[in-house]
Amino acid sequence: MATRAAVAAPHVLRRFFCSNSASSTFPFVPTPPAGAVPTPARPTAEPNTNLFVSGLSKRTTTEKLREEFSKFGEVVYARVVADRVSGYSKGFGFVQYATIEDAAKGIEGMDGKFLDGWVIFAEYARPRPPPAHLNNNSPPFGRQ
DNA sequence: GGTGAGCGC
């Protein structure tokens, strides 16, 4: 006698998964802030001659970046970061003024403004580690 | 092919 046993209805099992009582208060509080945070993630760097410009269009080039920022101060260095292989712009760049006060005027004059149809954001760039070009061979990973 | 938050070779 081969009596096919009826398979358990899957809809009955739904009740087990629908029992979501995870609304209980866990003893673990995922909220670390018990006061003022001394080290925020990225509050913007301190005033310097280097400016970080983001929100650039993919078609915005370095010379265009310098040209626009040169109207608010003396730009001694400007570059749009692009991939070294493909050559396409990453959408952000750096502008360095001769003085910090020129950099401040550059931010006030270009931050939130339109450039090639995109709203750009100019702010002080972070201090980056030195290129360490003392040695020609500078492998990113040192041997043990 | 060219995105859409970001920090450069």
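Note that the structure is predicted; figures quoted are calculated from it, not measured.
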Can you check the [X] [atom1] to [N] [atom2] distance for me, whole Å?
X        : N     : atom1 : atom2 : result
A:Asn48  : B:dG8 : CG    : C1'   : 13 Å
A:Asp116 : B:dG4 : CG    : P     : 18 Å
A:Lys90  : B:dG8 : NZ    : C1'   : 8 Å
A:Leu56  : B:dT3 : CG    : P     : 14 Å
A:Ile120 : B:dG4 : CD1   : P     : 20 Å
A:Arg128 : B:dC7 : CZ    : C1'   : 10 Å
A:Phe121 : B:dC7 : CZ    : P     : 15 Å

Contact class for [X] (heavy atom, under 4.0 Å): base, sugar-phosphate, or nothing?
X        : value
A:Ser57  : base
A:Glu123 : base
A:Tyr124 : base
A:Leu51  : nothing
A:Gly55  : base

Ignoring hydrogens, what is the shortest heavy-atom contact between A:Phe94 and A:Val81? Give both atom names and the distance. CE1-CG2, 3.6 Å
Tightest non-hydrogen contact, residues A:Asp83 and A:Val85, listed as OD2-N, 2.9 Å
Is there a donor-acceptor contact under 3.5 Å from the side chain of A:Tyr124 to the main chain of A:Ile107?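 Here the side-chain-to-backbone pair does not exist.
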Between the base of B:dG6 and the ring of A:Phe52 - centre-to-centre under 5.5 Å, planes within under 30° - is that a stack? no
Identify which nucleotide among B:dG4, B:dG6, B:dG8 has an atom closest to any side-chain atom of A:Ser54, counting heavy atoms from C-beta outward. B:dG6
Residue closer to the 5' end of DNA chain B, A:Tyr88 versus A:Arg84 (nearest nucleotide): A:Tyr88
Between A:Arg79 and A:Ser86, just flag the one whose closest nucleotide in DNA chain B comes earlier from the 5' side. A:Ser86
Check side chain to side chain donor-acceptor pair (under 3.5 Å) between A:Ser54 and all other residues, then give those that pass, not counting sequence neighbours.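 In terms of side chain to side chain donor-acceptor pair (under 3.5 Å), with neighbours along the sequence ignored, A:Ser54 is linked to no residue.
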Within-4.5 Å side-chain heavy-atom neighbours: A:Lys64 and A:Val80: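 When only atoms from C-beta onward are counted, A:Val80 and A:Lys64 do not touch, as no gap falls below 4.5 Å.
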